[in-house]
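Numbered from 1 within each chain, the chains take letters A, B, ... in sequence-line order. Heavy atoms only: backbone and side chains are in, while hydrogens, waters and symmetry mates are out.
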There are 2 protein chains.
Amino acid sequence: MSNITQIAKRAKVSRTTVSRVLNHHSYVNAEKREAVLKAIKELNYVPNLNAINLSRGKTNVIGIIVHKINHPYFSDLIERIGKEFDKHNYSLLVHQSNNDPKKELEFFNMLKYKMIDGLILGSSVSPTSVIDELSYFGKIVSCEYSKSNKIAKVYANHESSIKMAVDHLRDQGHQEIGLCIGSPQSGVGTTRKKSFFNLQKEYHLNWRDDWYFEERYTIEDGVEVAKEIIGQPSRPTAMVVGSDHVATGIIYEAKKQGIKIPEELAIIGFGNQPISKIVELTSINPMIEAGETAANLLYSMIQNQDVPFNNTIELELIKRKST
Amino acid sequence: MSNITQIAKRAKVSRTTVSRVLNHHSYVNAEKREAVLKAIKELNYVPNLNAINLSRGKTNVIGIIVHKINHPYFSDLIERIGKEFDKHNYSLLVHQSNNDPKKELEFFNMLKYKMIDGLILGSSVSPTSVIDELSYFGKIVSCEYSKSNKIAKVYANHESSIKMAVDHLRDQGHQEIGLCIGSPQSGVGTTRKKSFFNLQKEYHLNWRDDWYFEERYTIEDGVEVAKEIIGQPSRPTAMVVGSDHVATGIIYEAKKQGIKIPEELAIIGFGNQPISKIVELTSINPMIEAGETAANLLYSMIQNQDVPFNNTIELELIKRKST
DNA sequence: GTGAAAGCGCTAACAG
DNA sequence: CTGTTAGCGCTTTCAC
């Protein structure tokens, strides 16, 4: 394993010159350049990124933390952010928190310790104070609402999206509406839950506690939810479901049990995932891509450009046959 | 931003001592230790990982490259590998290649340049020569079959899995069997395709070229495949489908068009993904978890332990109602 | 138990 | 266009 000094010696130039040809800096005399290139070949030289990173004070790596890597929402998010940053020659350090604040804290050190140049919060359960303090160490973009005003955010208004869903269902005549969300601790979950129950009171909707479900993420979870609903003595006529995949599971199981969608059970999901087209699920969807937006925001911030910190995402309701 | 030298000065000790308390090395006089800790607090010291990495010659990061981050197979793989390495305090640098050899090569530099301590090939389209050369720079584990004998591999025998599928369908009386795979360039795709056509000849199965589909990855792709099949003047009575998700799409669309599964069209998938239970898809499944296995192999290799390079995964056929 | 000194490998300001 | 020199921040032998 050779280094720049050996190349310099062999090519009979200074290390600076080697560095210059390596980085295509300014012009280097053709002969010397050739000598350097020759030495590089002969010694099988490869650069050491850790040295470069240390010297430059940056790594061209950005971090992203999510609740669960293989949840479709997050894997899509990671994919889009990765693709976007790839254009700028940045790599992605991906971490899964399982919504565990300790795990988040651990990963946040990557920013503090200068292992990553920026951080994207796919989801976070850390208190604002932690985020505020962290922001001192580097650029951060959150893909959900955050109270911190030290970081950029790109988020949908989940309050209005819940209203969009409930209003839509009420328009169809529903008065018994259940709710199913993911993590009630996450920003998204908290807001959805709160907004829903506010509306439920405001509209004087009927309610039973067993119409509420949380910590549901997958198609299989949806199947379970459907079973629970169907077993109830008096079940809701409609469900607002935080994830298209869970909603898909509900539809699948309900249909299997001979329940007519939407006549006997209406379902509305979120995210307009590919699968929603297939099961003809009505879904509420962001009108911009949060991943790309977050990536571009962060990239600009890393370039020390000013960006808006509050970026709200407009939503639209895509009506299909499940409502 | 303070560094170890400033801490040393303030605590009136040497940098070595600071380093020792930081790393819990040997014993340090209680008073000096306190002084160091105090200085660290006062100066808001945070370590610089790049310096540590450079000095130590390792990063505690491993890289993983996959065709597509948000394909369920790969996002599951990443999740499992991440979880496994998290136990050892390793982070994950994730890269998507889109099966582009150039993109792969770019990421391989992360290993050469010492940015990562090891590499997992979720999928790869690079020639053996490239992998062989790369193996010189670090430990590599492939999650699919590879001709390279310089890296560890954990792979299913796709030849026998195809045979398992075709035999099963023949047992049910099928003579007209179609094939649908992902990338025909990937190791998996190549083998599946070749094995299938060998069998098709050996068994004298009927065949039409329009019973073959490639580059299909998603549920939506499956819907398209179903539409194409159904539109054919003489369609196959069964399909071997490389992905459960694509198979799910086929089932969904076929049923929608009133085609009876499995009477009029039998479907067999691969991977036993959660969704396969829901659509009652027969699926062929590995009996061990490739992700965990690959992670543990790589971890052992990084510890300079000897590991078996050829790790085959046994498969089982999980019969459900689609065949 | 502690410190001096020599790395780890590269970059960049400055002078010529 | 090129070299000198001073970092970047931490680890680790080796003496004492």
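Contact between A/Phe107 and A/Leu93 at its shortest, heavy atoms only, is CZ-O, 3.5 Å. Shown here for B/Glu292 and B/Glu289, the closest heavy-atom pair between the two residues is OE1-CB, 3.1 Å. When every heavy atom of A/Lys112 is checked against every heavy atom of A/Glu133, the shortest pair comes out as NZ-OE2, 3.4 Å. Between A/Thr191 and A/Gly187, the closest heavy-atom pair is OG1-O, 2.8 Å.
OP1 or OP2 of D/dG3 lies within a sub-4.0 Å distance of a side-chain N or O belonging to A/Lys32.
For the pair A/His24 NE2 and C/dT11 P, the interatomic distance rounds to 11 Å; values are reported in whole Å. The OH atom of B/Tyr113 sits 18 Å away from the C1' atom of C/dC8 (whole-angstrom rounding). Atom P of nucleotide D/dT2 and atom CD of A/Glu34 are separated by 12 Å, given to the nearest angstrom. Atom pair A/Lys9:NZ and D/dG3:C1' shows a separation of 16 Å (rounding to whole Å applied).
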Identify each donor-acceptor pair in which a side-chain atom of residues 118-125 of chain B lies under 3.5 Å from a protein atom, sequence neighbours left out, and give them as a table.
| from | atom 1 | to | atom 2 | distance (Å) |
| --- | --- | --- | --- | --- |
| B/Ser123 | OG | B/His67 | N | 3.0 |
| B/Ser124 | OG | B/Glu104 | OE1 | 2.9 |
| B/Ser124 | OG | B/Ser126 | N | 3.2 |

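One finds the CG atom of B/Leu111 at 12.5 Å from the OH atom of B/Tyr136 (value rounded to the nearest 0.5 Å).
Overall bending of the helix from C/dG1-D/dC16 to C/dG16-D/dC1, expressed as the angle between end axes built from five pairs apiece, is 30° (10° steps).
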Requested in this report: For nucleotides 7-16 of chain D, just jot down a letter per nucleotide in 5' to 3' order: B, S or -, based on protein non-hydrogen atoms under 4.0 Å.
Outcome: BBBBBB----
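Ring orientation note: the planes of B/His71 and B/Tyr217 are nearly perpendicular, at an angle over 60° on the 30°/60° scale.
B/Ile64 is not listed as a side-chain neighbour of B/Phe74, based on a closest heavy-atom distance of 4.5 Å or more.
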